[in-house]
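Structure first, then comments.
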Amino acid sequence: MDNPETFLRDLFAEAVAVADPMAALPTVLGDRPTGRLIVVGAGKASARMAEALESAWGPCDGLVITRYGYERPCAGIRIAAAAHPVPDAAGEAATLEMLELLRGLGKEDTVVCLISGGASALLTAPVPGVSLDELQQINADLLASGAPISLMNALRKHLCQAKGGQLAAAAYPAKVVSYLISDVPGDDPGMIGSGPTVGEPRDLDSALAAVATYGVALPAHVVAAAKAHGGVVALQDRRLSTTENILFASPLQSLKAAKAVAEAAGCAVEILGDALEGEARDVARAHADLAKARLGQGPVVLLSGGELTVTRRGDGVGGPNAEYALALAAALDGVDGVYAIACDTDGVDGAAEVAGAVIGPNTLQVAATKGEDAAGALAINDAHGFFGRIGAQVVPGPTLTNVNDFRAIFING
C-alpha cells in the first residue's frame with residue numbers, strides 16, 4: 001500500500017457517501033401521499049433529508065431544524081438552524097413552532113418526520129418550570145460526564161416537550177411516517193434523536209438514577225418540574241398507533257461499504273462491531289492490542305463503529321474520535337506498519353469542526369519534533385489541539401449525514 005493515509009481517508013469517505021440521504025432516502029420512499037402533507041424533523045442530516053425528499057416528491061410544506069452550517073436549499077420546507085451539542089434559543093423557538101404546526105391535524109393528513117443524530121439538542125422545548133439556561137447546563141454536564149448516549153437521551157426525554165414520542169403524539173390522529181438515520185449503538189429508534197416519534201419505557205426516576213452514577217444530579221426544582229409536566233409517551237399509547245418508524249441508514253451499512261472497498265484493495269477485513277461504547281482511551285488501548293496481534297498476517301483492516309465517550313479531565317479541545325486516535329497512537333508507540341483513522345461521520349467530533357484524525361507509525365515522532373507531548377495532551381483532553389498542531393486532522397466540513405463513529409485500523413504487513 002503506497003499511501004496508507006489516503007487509503008484510510010477513502011474508507012471514511014465511502015462510509016459517509018453510502019449514508020448520504022440523497023442516495024439512501026429515495027430507496028425507501030414510496031409515492032407522495034395524497035391529501036395534506038406536512039414535513040417536520042430535526043438533526044444534523046435533516047436538511048439534507050428534506051432536500052432529498054423534495055427531489056423525489058417536489059415542494060412540500062413544513063419545517064426542519066438542523067445544525068448551524070448544515071442548511072440545504074429547499075423549495076417549500078423551511079430550514080431552521082440552531083446550536084449543537086448544547087441547545088440554544090433558536091432551537092427552542094423552532095421546536096415550539098413545529099409543535100404548533102402539528103396541532104389540529106386530522107386523520108386524513110400525513111406527517112413525514114425526518115430524524116437524525118443531533119436532534120436531541122436541536123429539538124428543544126423545556127418542560128414548564130425548566131429554563132433554557134438550566135437545560136443548557138444539564139446538557140453540558142451530561143456531555144462532560146462520560147455517560148453513554150442511551151442514558152443521556154433517556155433523561156433528556158423527560159425534560160423536553162418534543163422527545164419520547166411527544167412529536168408524533170402532537171400530530172395525532174394524522175398518519176406519521178418517520179424516516180430515521182441511526183447514530184446510536186444498537187440502532188434503537190427510541191434513542192435516535194431522543195425518539196420524538198417513539199414511545200419511552202423508562203421513567204424519570206430510573207433515568208435520574210442512571211446518570212447519577214456518572215456524577216450528574218439535577219436541581220430539585222427541575223426534577224419536580226419534570227415530574228409535574230413531563231409528557232413522554234408510553235410505548236402502547238394510542239397516539240402512536242398511526243405512526244410508522246423506518247430506519248434507512250445505519251452504522252453497519254457504512255461499515256459494510258468500507259469493508260467492500262478494503263477487500264477490493266486486497267485486504268482481509270474484520271468488523272469489530274457497529275455498536276461499541278465506552279471510554280475512548282480504554283477502547284483504543286484494547287484495539288492497539290488487537291492490531292499488534294495481527295502483525296505479520298498480511299494486509300488487514302479492523303473496522304468499528306458505535307459511540308465512544310470522553311470523561312472530561314482537562315480544558316483541552318477534543319472529542320471521542322480524536323481522543324481514541326491519540327490514545328491509540330500512544331498505546332502503539334510507533335509500532336511499524338499500523339495506521340488508523342477515527343472520525344465522526346457527521347464531520348464534527350465533540351464540539352469541534354473537525355471529524356477526527358489519522359495516525360501512523362511516525363505520529364509520535366512527528367509530534368516530538370514539533371515539541372508536542374501525546375501523554376500530556378491526552379491528560380487534558382486536548383486531542384484536537386494535538387492533531388491540529390501536527391497536521392493530522394480530518395476536516396471534511398459538514399457531511400450532511402450522521403451514522404456516528406467510524407474507525408479503521410490498517411495493519412500493513
Side-chain angles (χ1 to χ4, degrees), residues 38 40-43 63-65 80-105 111 113 115 118-143 145 147 151-174 176 178 190-212 216-240 243:
I38 300 293
V40 296
L63 168 66
V64 303
I65 311 168
H84 179 278
V86 176
D88 68 357
E92 180 182 26
T95 300
L96 292 172
E97 180 183 346
M98 186 181 298
L99 289 169
E100 192 59 34
L101 188 64
L102 297 177
R103 303 197 194 284
L105 297 180
V111 174
C113 193
I115 299 295
S120 291
L122 297 166
L123 195 64
T124 293
V127 297
V130 178
S131 70
L132 179 61
D133 286 346
E134 289 169 328
L135 195 62
Q136 289 172 328
Q137 185 59 57
I138 291 166
N139 269 270
D141 291 344
L142 287 169
L143 290 166
S145 71
L151 297 186
M152 287 194 280
N153 284 357
L155 178 60
R156 289 192 281 198
K157 292 179 185 186
H158 291 275
L159 303 175
C160 178
Q161 301 176 53
K163 300 178 176 70
Q166 294 177 87
L167 194 68
Y172 184 81
V176 176
S178 187
M191 286 295 112
I192 301 169
S194 294
T197 60
V198 182
E200 170 56 30
R202 189 191 292 263
D203 63 23
L204 176 62
D205 287 337
S206 66
L208 289 168
V211 299
V216 178
L218 272 57
H221 76 277
V222 171
V223 175
K227 288 184 174 181
H229 303 293
V232 294
V233 180
L235 292 171
Q236 303 303 319
D237 192 294
R238 65 182 179 85
R239 292 172 295 170
L240 299 180
T243 296

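Everything numeric in this text was worked out from a predicted model, so none of it was measured.
Under the rule for a salt bridge (Lys or Arg N to Asp or Glu O under 4.0 Å), the partners of R239 that lie at least two apart in sequence or sit in another chain are D237. In terms of the side chain to side chain donor-acceptor pair (under 3.5 Å) criterion, Q136 has no residue partners (sequence neighbours excluded). With sequence neighbours excluded, no residue forms a side chain to side chain donor-acceptor pair (under 3.5 Å) with H229. Take E97 and apply the side-chain contact (heavy atoms from CB on, under 4.5 Å) test, not counting sequence neighbours, and it matches L63, R78. Take K157 and apply the salt bridge (Lys or Arg N to Asp or Glu O under 4.0 Å) test, not counting sequence neighbours, and it matches E200. Q137 is linked by a side chain to side chain donor-acceptor pair (under 3.5 Å) to D141, counting only residues two or more places apart in sequence or in another chain. Legend: residues meeting side-chain contact (heavy atoms from CB on, under 4.5 Å) with P173, ordered by chain and number and at least two apart, are K107. Taking the side chain to side chain donor-acceptor pair (under 3.5 Å) definition, one finds that T243 meets it with nothing, sequence neighbours left out. Scored by the salt bridge (Lys or Arg N to Asp or Glu O under 4.0 Å) test, D205 finds K227 as partners (sequence neighbours excluded).
Expressed to the nearest 0.5 Å, how far CG of L240 lies from CD of Q166 amounts to 10.5 Å. Here the OG-CG distance, from S194 to L159, works out to 10.0 Å after rounding to the nearest 0.5 Å. Here the OG-CD1 distance, from S120 to I115, works out to 9.5 Å after rounding to the nearest 0.5 Å. Atoms CG and CG, from L123 and L167 in turn, are 6.0 Å apart once rounded to the nearest 0.5 Å.
When every heavy atom of C113 is checked against every heavy atom of G41, the shortest pair comes out as SG-CA, 4.5 Å. Nearest heavy atom pair, residue A226 against residue L204, reads CB-CD2, 3.7 Å. Across every non-hydrogen atom of A169 and V233, the tightest pair is CB-CG2, 3.9 Å. Here the closest non-hydrogen pair linking G129 and E134 is O-OE1, 4.1 Å. Scanning all heavy atoms of the two residues, the minimum distance from L105 to A171 falls at CB-O, 4.0 Å. Closest approach of P128 to A225, counting heavy atoms only: O-CB, 3.5 Å.
The side-chain heavy atoms of M152 and V216, taken from C-beta on, include no pair separated by under 4.5 Å. Counting only heavy atoms from C-beta outward, the side chains of L155 and L218 approach each other to under 4.5 Å. A 4.5 Å side-chain heavy-atom check between S145 and V211 finds every atom pair outside the cut-off.
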Under 3.5 Å, which donor-acceptor pairs do the side chains of residues 84-96 form with other protein atoms, sequence neighbours left out?
from, atom 1, to, atom 2, distance (Å)
D88, OD1, A83, N, 3.3
D88, OD1, A90, N, 3.3
D88, OD1, G91, N, 3.0
D88, OD2, Y68, OH, 2.7
D88, OD2, A83, N, 3.4
T95, OG1, G91, O, 2.7
T95, OG1, T124, N, 2.8
T95, OG1, T124, O, 3.4

Working for side-chain contact (heavy atoms from CB on, under 4.5 Å), residues R202 and L151:
CA-CA 10 Å; R202 189 191 292 263; L151 297 186; 3.8 Å; yes
